[in-house]
Novice: 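First the structure, then my questions, so here it is.
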Amino acid sequence: MIPVCRIQDLPEGESVRIEAGDGHAAIAVFHTEGAFYAVDDTCSHQDASLSEGWLEGCYVECPLHAALFDLRSGMPTCLPARKPVRTHAVTVVDGMLYVHPLVPAVQEEAVA
């Protein structure tokens with residue numbers, strides 16, 4: 001669990017980039033539509049920081065080639081990105097925002 005900031009320090013419509021450490025990729029944390037989301041900070045198409053992208057509701061647009069990612073699932077919604085970015089669970093405890101880099105925000109369904 002990585003502390004990010006106090007929730008009042010990340011206004012709605014803003015993002016912050018954190019270093020996950022221990023060999024994990026940097027993580028972008030977003031506050032949008034009354035919720036917090038965390039995804040790997042690097043676009044899956046090319047090396048660009050998603051935390052520097054444009055936030056549109058629950059979507060972030062990569063600043064390099066305009067690939068659009070759904071923050072809830074990490075899935076790209078348009079080209080040139082074809083691969084999703086990893087999502088990370090986010091929790092708020094006593095007004096403090098935490099990211100769990102080893103816990104995906106979207107749980108994959110079990111294959112029967």
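Start at 1 with the first residue, then count along the sequence.
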Novice: Roughly how far, to the nearest 0.5 Å, is CZ of R86 from OG of S44?
Specialist: 12.0 Å
Novice: Could you check if a side-chain atom of L71 sits within less than 4.5 angstrom of a side-chain atom of V60, using non-hydrogen atoms only?
Specialist: yes
Novice: Give me the atom names and distance for the closest heavy-atom approach of T32 to C58.
Specialist: CG2-CA, 4.2 Å
Novice: For E33, what residues pass the salt bridge (Lys or Arg N to Asp or Glu O under 4.0 Å) criterion, not counting sequence neighbours?
Specialist: none
Novice: Calculate, to the nearest 0.5 Å, the distance between atoms SG and CG belonging to C62 and D47 respectively.
Specialist: 9.5 Å
Novice: Could you see if V29 belongs to whatever hydrophobic cluster contains L55? Use Ile, Leu, Val, Met, Phe, Trp, Tyr and a side-chain cutoff under 4.5 Å.
Specialist: no
Novice: I'd like to check P76 versus P84 (side-chain heavy atoms, cut-off strictly below 4.5 Å). Are they in contact?
Specialist: yes
Novice: What pairs with H45 under side-chain hydrogen bond (donor to acceptor under 3.5 Å, both in side chains), at least two apart in sequence or on another chain?
Specialist: H65
Novice: I'd like to know if V90 and V16 are part of one continuous hydrophobic network [Ile/Leu/Val/Met/Phe/Trp/Tyr, side-chain heavy atoms within less than 4.5 Å].
Specialist: yes
Novice: Quick one: side-chain hydrogen bond (donor to acceptor under 3.5 Å, both in side chains) partners of D70, sequence neighbours excluded?
Specialist: R72
Novice: Quick one: list whatever passes side-chain hydrogen bond (donor to acceptor under 3.5 Å, both in side chains) with E52, sequence neighbours left out.
Specialist: none
Novice: Does I7 have any side-chain contact (heavy atoms from CB on, under 4.5 Å) partners at least two apart in sequence or in another chain, and if so, which?
Specialist: F36, V92, L97
Novice: Among Ile, Leu, Val, Met, Phe, Trp and Tyr joined by side-chain contacts under 4.5 Å, find the other residues sharing a cluster with W54 and list them by chain and number.
Specialist: none
Novice: Please enumerate all residues that pass ring-ring contact (aromatic ring centres under 6.0 Å, His included) together with H100, with sequence neighbours excluded.
Specialist: none
Novice: So which heavy atom on S51 is nearest to which on S15, and how close?
Specialist: O-OG, 2.8 Å
Novice: If you compare all heavy atoms of I27 against all heavy atoms of A20, which two are closest, and at what distance to 0.1 Å?
Specialist: CD1-CB, 4.0 Å
Novice: With sequence neighbours excluded, what pairs up with T77 under the side-chain hydrogen bond (donor to acceptor under 3.5 Å, both in side chains) test?
Specialist: none
Novice: Is L64 isolated, or which residues cluster with it under the ILVMFWY side-chain rule of less than 4.5 Å, directly or via members?
Specialist: none
Novice: Tell me which pairs pass side-chain hydrogen bond (donor to acceptor under 3.5 Å, both in side chains) where either residue lies in residues 2-11, with sequence neighbours left out.
Specialist: none
Novice: Among L50, V39, T87, exactly one meets side chain to side chain contact (heavy atoms under 4.5 Å, CB included) together with F69. Which residue is that?
Specialist: L50
Novice: With Y59, which residues qualify under ring-ring contact (aromatic ring centres under 6.0 Å, His included), at least two apart?
Specialist: none
Novice: Kindly indicate whether the side chain of M96, heavy atoms from C-beta on, has any atom under 4.5 Å from the side chain of P3.
Specialist: yes
Novice: Could you tell me whether a side-chain N or O of E12 sits under 3.5 Å from a main-chain N or O of G34, the two making a donor and an acceptor?
Specialist: yes
Novice: Which residues satisfy the salt bridge (Lys or Arg N to Asp or Glu O under 4.0 Å) test with R17, sequence neighbours excluded?
Specialist: E19, D41
